[in-house]
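Below: one structure, written as structure tokens.
Just so it is clear: chains get the letters A, B, ... in the order the sequence lines come, proteins before strands, and each one is counted from 1.
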Protein chains: 4
Amino acid sequence: MTKDKIIQATIRNFAKYGYEGASMRKIAEEVNIKPASIYYFFENKQNLFIQAIKVILEHHFTSMKGTFEQYQTEKLHTIFSELFDNIVRHHTSNQEETKAYVLMVNSAIPEIKEEVRNYLATYNVWLVEQLTEEIASRNPHLDTSEIKEIIDYFIFLGNGLFWGVIIYEKSEMQKNLKQATNLMNQYLNQSLGSEKDE
Amino acid sequence: MTKDKIIQATIRNFAKYGYEGASMRKIAEEVNIKPASIYYFFENKQNLFIQAIKVILEHHFTSMKGTFEQYQTEKLHTIFSELFDNIVRHHTSNQEETKAYVLMVNSAIPEIKEEVRNYLATYNVWLVEQLTEEIASRNPHLDTSEIKEIIDYFIFLGNGLFWGVIIYEKSEMQKNLKQATNLMNQYLNQSLGSEKDE
Amino acid sequence: MTKDKIIQATIRNFAKYGYEGASMRKIAEEVNIKPASIYYFFENKQNLFIQAIKVILEHHFTSMKGTFEQYQTEKLHTIFSELFDNIVRHHTSNQEETKAYVLMVNSAIPEIKEEVRNYLATYNVWLVEQLTEEIASRNPHLDTSEIKEIIDYFIFLGNGLFWGVIIYEKSEMQKNLKQATNLMNQYLNQSLGSEKDE
Amino acid sequence: MTKDKIIQATIRNFAKYGYEGASMRKIAEEVNIKPASIYYFFENKQNLFIQAIKVILEHHFTSMKGTFEQYQTEKLHTIFSELFDNIVRHHTSNQEETKAYVLMVNSAIPEIKEEVRNYLATYNVWLVEQLTEEIASRNPHLDTSEIKEIIDYFIFLGNGLFWGVIIYEKSEMQKNLKQATNLMNQYLNQSLGSEKDE
DNA sequence: AATGAATGAGTCTTCATTCAT
DNA sequence: AATGAATGAAGACTCATTCAT
């Protein structure tokens, strides 16, 4: 479908050139249509880019949610480790979306920045909710703030992984992945005491 | 000096709008000169931006080097903790340079990307050299690969801090800073065995 | 009927934006159809506008003719006064058509200008013929050129009324209407001598 | 000077094609520069047209004021007759400005319409003030409302002349001019009684 | 050291129009 | 009778850059 192809080309061009650097002409060229035709599907450039962004963010959410649901019943160490793994996997295999995401985060277009910041907030809420439940059910003795701290460490390590994907080659990320997992396990073990977390 | 003012305006505009989004006209406006005047000091747009980038990277290097030299003689835990602290301090108090840096890393302009990648490599070599020396002198029993592993963990945690500065408010970074320090200390303690590192 | 609705929307848009400023898209929007659908009824933009113009001019002619026939048998003063009244009434209650008319008169589209100039000429001939007959029958002693002069004064005062409708509010036109009538009566009385005009 | 030439070309194009029909490219062509160069002198299209309009209106005011001052000391009949003469002379010898003026009066661009409406109001105030003084000084027995009525008749007849310039050829306007003068004199004589107005 | 004037190339966008359905 | 999809041409405007002064 033409509309989808336009979105995909927009993501590619956004990642490569940024919002201002990307041009309707180049996007059209990649879809093998004329620039004017884009305006049949999208109101204007900003609108097109916002819709492209929504696709990227939904894709990210779907990916993380899928992983979470798949490993929900495993032990905590596994859940965290698999989530780390998915962060790296998702972003390395969707490098353009990831680069676009980095550009969006500080976009000069308020609507774009807003869109991403909102997503980040929503995603965070979801993540905290899900993880809180899994941690609490496995460790009834932990209070809310202790649980929140564990999650915060997880998120912090996830940030390290994310930025790694941006500056390192895909192949180098295995090392980072192992580091994140090690540090998280180490922290978990200490934090949960000597008990097993099941 | 006009030339410096142009560089500073360029950094601000680069951070805000990216390379393509930044315009000679706006930069000139901020310096209270006419666009044509910029060409007295800089060959062209690309050249101007490359020189601005050099200023940013040198500034970063100076900052990190300063911290390193200041705490070089302290114990390892302190060195790492102070370096983390400086990462956060430098980037939060130079947000525009930091945002510009994020844009440069994947710039569509090869010369810009190259410039940053080269710096990153150089900086890394310097960091590894310095840290290797300090770690080795304090832990003669560690072999090269063990030392390298410690440094890698440090860098990984530094990446988490860096990305945090981009997406969180300045005030939230203290939590991240503590997390990085904790994890590093924990790792160091385990990695260096039960011995003191002095 | 769709075709009529298109014509009406065209008149509205012509009045508001002029020929070049009016767009097929906006016209279609006002009729709740798609631009492509207009082409089922009209060959192209110019054709559509010419047909809209014809509607405006026919409407004007019908209006003036109606008034003339209604008061044909009255005394001259009344005929002129009622015609003035109708000029004001017709144009104030069809402001869009009137504004469109003003734009047409000097349109850059030769076909449009032509259409209106032809109408103006035809209308003038009709008016002169009708008025000549009525004046002559009531004043057998007047020769052709004397009659023509009376008509010319009437037309001149009508022009003043017409332009008044364009630049003044509807409410202000009563004053103008009275002025035209006064001046015409005054002129008629002097021109026809002290005799009654019946 | 380039800027002036642009203004003149703008007036010509505005008169011929209207605001939307006139294009920066055509204007530039007539001045033998490139469209981009216009933007060195004028912020944008609207701004350019507003400045062109100001030139037209100032020109009109200068013209009317000049005539008024020249004949100020003559008897009333002469003043009115010369003002009529100047209305016709000014508008026939500046047909493009006059046509532009007609388009402005109902422009879809609020700023343009506003500009002209403001001028019309200001001009009217000036005219009424000047004429009031001259009429009053020559006819001390007239009260304000009687004076105002005379002026209103003058303005009404002026409107008829103005619209005549738009729809008739220059050569036909002599007849209109004579009609306006006759009607005004006739009205003046009746209005001022049988007395001389000096 | 700075700029007024100018421009070619390119930006996003709108427009009238077409044509298969 | 109507439209979804598409486009060539043109619109206003911006941009980096030049060059004489």
Examine A:Lys45 relative to A:Phe49 and say whether NZ or CZ is less than 6.0 Å from the centre of the six-membered ring and inside a 45° cone about the ring axis. yes

Phosphate OP1/OP2 of F:dG11: any D:Arg25 side-chain N/O under 4.0 Å: yes

May I ask which nucleotide in the shown strands pairs with E:dC12, Watson-Crick or G-U wobble, both distances under 3.5 Å? F:dG11

Candidates F:dT17, F:dG4, E:dT13 - which lies nearest the side chain of B:Tyr39: F:dT17

To the nearest 0.5 Å, how far apart are CE in A:Met24 and OG1 in A:Thr10? 7.0 Å

To the nearest Å, give me how far apart CZ (B:Phe42) and C1' (F:dT17) are. 16 Å

When rounded to whole Å, the CD to P distance for the pair C:Glu20 and E:dT14 reads 18 Å

Give the rounded distance in Å between these two atoms: CD1 of A:Ile38 and P of F:dG8. 14 Å

Please work out if C:Ala28 contacts a base, only the sugar-phosphate, or nothing of the nucleic acid, heavy-atom cut-off 4.0 Å. nothing

With nearest nucleotides of DNA chain F determined for A:Ala36 and B:Met24 from heavy-atom distances, which residue corresponds to the more 5′ nucleotide? A:Ala36

Is the distance from OP1 or OP2 of E:dA6 to the nearest side-chain N or O of D:Thr2 less than 4.0 Å? yes

At less than 4.0 Å, is any side-chain N or O atom of B:Tyr40 found next to OP1 or OP2 of E:dA2? Yes or no. no

F:dA12, OP1 or OP2 - any side-chain N/O from D:Lys45 closer than 4.0 Å? yes

For F:dA20, give the paired nucleotide (Watson-Crick: N1-N3 plus N6-O4 or O6-N4; G-U: N1-O2 and O6-N3; both under 3.5 Å), or none. E:dT3

Whole angstrom value for the distance that separates C1' of F:dA12 from NZ of D:Lys26: 15 Å

How many Å lie between CD1 on C:Ile27 and C1' on E:dT17, as a whole number? 14 Å

Rounded to the nearest 0.5 Å, what separates atom CD1 in B:Ile11 from atom CD in B:Glu96? 8.5 Å

Interatomic distance, C:Met104 atom CE to C:Leu57 atom CG [nearest 0.5 angstrom]: 5.0 Å

Whole angstrom is fine here: how far is it from CD in D:Glu43 over to C1' in F:dA12? 13 Å

5' precedence on DNA chain E between D:Phe41 and B:Ile33 (nearest-nucleotide basis): B:Ile33

Taking the six-membered ring of D:Phe42 as reference, does the NZ or CZ atom of D:Lys3 fall below 6.0 Å from its centre and within a 45° cone about the axis? yes

A:Ser37 near the nucleic acid: base, sugar-phosphate alone, or nothing, with a heavy-atom cut-off under 4.0 Å? base

D:Lys3 NZ to E:dG4 P, in whole Å, measures 13 Å

Mind calculating the distance between CG (D:Asn47) and C1' (F:dC13) to the nearest angstrom? 14 Å

First of D:Asn44 and B:Asn44 reached from the 5' end of DNA chain F, by closest nucleotide: D:Asn44

Taking the side chain as every heavy atom from C-beta outward, state whether D:Tyr101 and D:Ile53 have any pair of such atoms under 4.5 Å apart. no

Judged by nearest nucleotide, the residue sitting upstream toward the 5' end of DNA chain E, C:Gln46 or A:Ser23, is A:Ser23

